[in-house]
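Presented below is the structure to which this report refers.
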Number of protein chains: 4
Amino acid sequence: MSARTEATKRKLFVATLALIGEHGMTGLTVDDIAARAGVAKGTVYYNFGSKDGLVDALLRYGVDLLASRLASAGDEDPWQTLSQLVDALLVFFADYPTFAQLLVSELWRTPGQWHATLSLVRDEITSVIRTELQRLADAGRLPDGVQVPTAAAALFGSVLVVALDWQVFQPARTKDEVHESVMLLIRGLRGTP
Amino acid sequence: MSARTEATKRKLFVATLALIGEHGMTGLTVDDIAARAGVAKGTVYYNFGSKDGLVDALLRYGVDLLASRLASAGDEDPWQTLSQLVDALLVFFADYPTFAQLLVSELWRTPGQWHATLSLVRDEITSVIRTELQRLADAGRLPDGVQVPTAAAALFGSVLVVALDWQVFQPARTKDEVHESVMLLIRGLRGTP
Amino acid sequence: MSARTEATKRKLFVATLALIGEHGMTGLTVDDIAARAGVAKGTVYYNFGSKDGLVDALLRYGVDLLASRLASAGDEDPWQTLSQLVDALLVFFADYPTFAQLLVSELWRTPGQWHATLSLVRDEITSVIRTELQRLADAGRLPDGVQVPTAAAALFGSVLVVALDWQVFQPARTKDEVHESVMLLIRGLRGTP
Amino acid sequence: MSARTEATKRKLFVATLALIGEHGMTGLTVDDIAARAGVAKGTVYYNFGSKDGLVDALLRYGVDLLASRLASAGDEDPWQTLSQLVDALLVFFADYPTFAQLLVSELWRTPGQWHATLSLVRDEITSVIRTELQRLADAGRLPDGVQVPTAAAALFGSVLVVALDWQVFQPARTKDEVHESVMLLIRGLRGTP
DNA sequence: TATGAATGAGGATTCATTCAT
DNA sequence: AATGAATGAATCCTCATTCAT
């Protein structure tokens, strides 16, 4: 892939993300994307084959970005790692609010055209969380009855929704306050001391 | 509003909800709605003015339904009330999965055409939760640092997301298991005993 | 025709005239007419059979009004009578600007749904003018080559257009100024003294 | 604008003009226009944005055509120039009867969607007439009390209406007869010899 | 590698008219 | 004599996609 091609694709990603942020997935048109990116409409098709192809590629691009961020979390204490993961997620969603929107609005749609790619995102995140929860479970540090996969999904969902609510309805809160709220919420998982 | 009109509107609500469940918001056409409801297309416009108007009315219809269910929750012990609210929400989302989808996919969209109505839904639900959390806070039964509005939003979001995840990715779980998961998750709010 | 019916019809005429004045013939809907008149839509159909029927009736109503005004003009001197006719037309068009608009916009349309009725209006007016011009011609007071029917049409058109231009583009002019302009214009018909 | 685009636009202009001539503005559909022009419906929207946009562009196209014709009139004697202008107008309206219809039916509509463009047409024509009348006024060759702008408007309107009446109600007349009628009518402006 | 004019199926909306009350 | 809910044909417009350059 030539440098020129790569630059074109990146311009299209940026334009798409901006437009989704402004008007949502509905109302996202190839015309607008091309105009915003400063290229001709045909270029989108030349590079991505279709509108869906572009969005799908954008999604994968986002997954990679997120994965690299989550990878940096890690601590001997699983609770510390969880705290770092929550932090990384909040920062990522703050950096790419559009991505959070996209995720929440498409992830649980029945047929969903990008379902495969989005499930990938979900798995990417929940598996990291699941790993830490499992470490805790193995160490007997989780209360009885906690189902690791369900708990991981719930934690992921909570962080996602809280991040969105933070930005849309309570932008005045600081990241640390929000982080604290989430951690307080899940203290229940720690079980009675 | 005549009985005939009311019947027509209800038919259109039912048809719309069914179609959103089948094909999502995208792919929802007035043609399909009218056909499914067994009325002419013009009837949609006569009754709701536009497709958006129909969805908006449907949303308000759902709010009322949900509100009446939440109203039945109530106990001397705030924790009991919270548990009942979580239960009512899970049951409602199980009864109207489409409504949960609609909520999650539209609630945090930036401008969003139904933003006003959806905020109403959010407020309707969170205010009930907030009331209970406040009762706990007033009684000194919440840990320091818990911000009631943020906690209420987080709790609502968690239940919503968990309900969706339950249906889409883990349909085998029973409602009680899911309820238990959520309650475990928020045990943290109870503070150190 | 009962008094009630007549009142209803008049209300519909008034509403229709007002709406045409505001939005033109295009954009004139039965819904709007009924709403403005304060009656149900069905009433239009009960009274006039169709939208066209209403407009047609309105047109005939206008013709009668105009005819009665023109009838009051009359003088021994045909030039005086012409002057009075021009005056009556200007006043009528000033009183019912919408009627002038309707006339000018529909009279020369090729198929034109109200062509028959509108031609009636045209004949009503031009025949009065024609009569006076013929009196002048018979008295040898018109220059050679003046074709009475063409001249009558031209005079009618001039007055109509001048009246409209007066209202739309030069509302500051007084009626007398406009009247004077028209009379000056047609002084040519008087021939070299 | 590429040659291809220009050809497409011209085809659409021709088709539109023909259809307006046949069925009037009402009854003008984008479907018909596209079919007549031999292009897809979308092409109309690609090139003009909307049906109104197409009509507006057509109007401007007509203005230019007319302006170039009027520009060829010119004589030392202002009366001669006026005569030539009247002739040019009659010929233009005979060549493009639809344009005359469009003009008369839309020019004096209250808000009117093409009011801006149509006013442009009106100004284009009346200003040329105004110039000649002003030359006469400056030379003291107009009777007292003639208001140049009003007289110009009246003259324009007369020619327009006479041209339409000629085609619709008196097609047997020759152009020269009609021309003569108009000139006779405005001889009044020449004042007492 | 990129362009942009053209396409046409698809979908929202309008509105004159009907008819049971 | 009047109502107004319902109709559905007619129309405008959108937008993902194609293709010749």
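Computed from a predicted structure; not experimentally measured. We name chains A, B, ... by the order of the sequence lines, and we start the count at 1 in each one. When reading the values below, keep in mind they use all heavy atoms of this one structure, side chains included, and skip hydrogens, waters and symmetry mates.
At whole-Å resolution of the value, CG in L19(B) and P in dG11(E) are 12 Å apart. Atom CD1 in I33(B) sits roughly 11 Å away from atom C1' in dG11(E) (whole-Å rounding). Atom C1' of nucleotide dT7(F) and atom CG of L12(B) are separated by 13 Å, given to the nearest angstrom. If you take CG of D31(D) and P of dC13(F), they are 12 Å apart, rounded to a whole angstrom. Counting to the nearest Å, the C1' atom of dA6(E) and the NZ atom of K9(D) are 14 Å from each other. One atom, CG of D56(A), and another, P of dA16(F), lie 16 Å apart when rounded to the nearest Å. In this structure, NE2 of H23(C) is placed 16 Å from C1' of dC15(E), rounded to the nearest angstrom. The distance between atom CG of D52(D) and atom P of dT11(F), rounded to the nearest whole Å, is 16 Å.
The stretch residues 34-47 of chain D touches DNA chain F through K41(D), Y45(D), each having a heavy atom within less than 4.0 Å of the strand.
Counting all heavy atoms, side chain and backbone alike, A57(C) lies closest to F48(C) at CB-CE2, 3.7 Å. G21(B) and T98(B) make their closest contact through CA-OG1, 3.4 Å (heavy atoms, listed as atom of the first residue, atom of the second, distance).
Nearest-nucleotide mapping onto DNA chain F: of S2(B) and L28(A), the residue sitting toward the 5' end is S2(B).
Checked against K51(D) for a side chain to side chain contact (heavy atoms under 4.5 Å, CB included), the options T16(D), L28(D), V44(D) give a single hit: L28(D). Among I20(B), L54(B), V55(B), the one residue that satisfies the side chain to side chain contact (heavy atoms under 4.5 Å, CB included) test with I33(B) is L54(B). Between L118(D) and the choices D56(D), V63(D), L59(D), the side chain to side chain contact (heavy atoms under 4.5 Å, CB included) rule is met once, by L59(D).
In this structure, dG8(E) and dC15(F) make a Watson-Crick or G-U wobble pair, each of the two defining distances being under 3.5 angstrom. Using N1 to N3 plus N6-O4 or O6-N4 for Watson-Crick, or N1-O2 and O6-N3 for G-U wobble, each under 3.5 Å, dA9(F) pairs with dT14(E). Across the strands present, dA1(F) finds no partner; the criterion is a Watson-Crick or G-U wobble pair with both atom distances under 3.5 angstrom.
Listed nucleotides: dA16(E), dC15(F), dA5(F). Nearest to the side chain of K51(C): dA16(E).
Taking only side-chain nitrogens and oxygens, T5(C) comes nearer than 4.0 Å to OP1 or OP2 of dA1(F). Phosphate contact (OP1/OP2 of dA2(F), side-chain N/O of R4(C), threshold under 4.0 Å): present. Between T8(D) and dA6(E) there is a side-chain polar atom (N or O) within less than 4.0 angstrom of OP1 or OP2.
A distance-only check finds a donor-acceptor pair linking the side chain of Q167(C) to the backbone of F93(C) [under 3.5 Å].
The aromatic ring centroids of F99(D) and Y61(D) lie 6.0 Å or more from each other.
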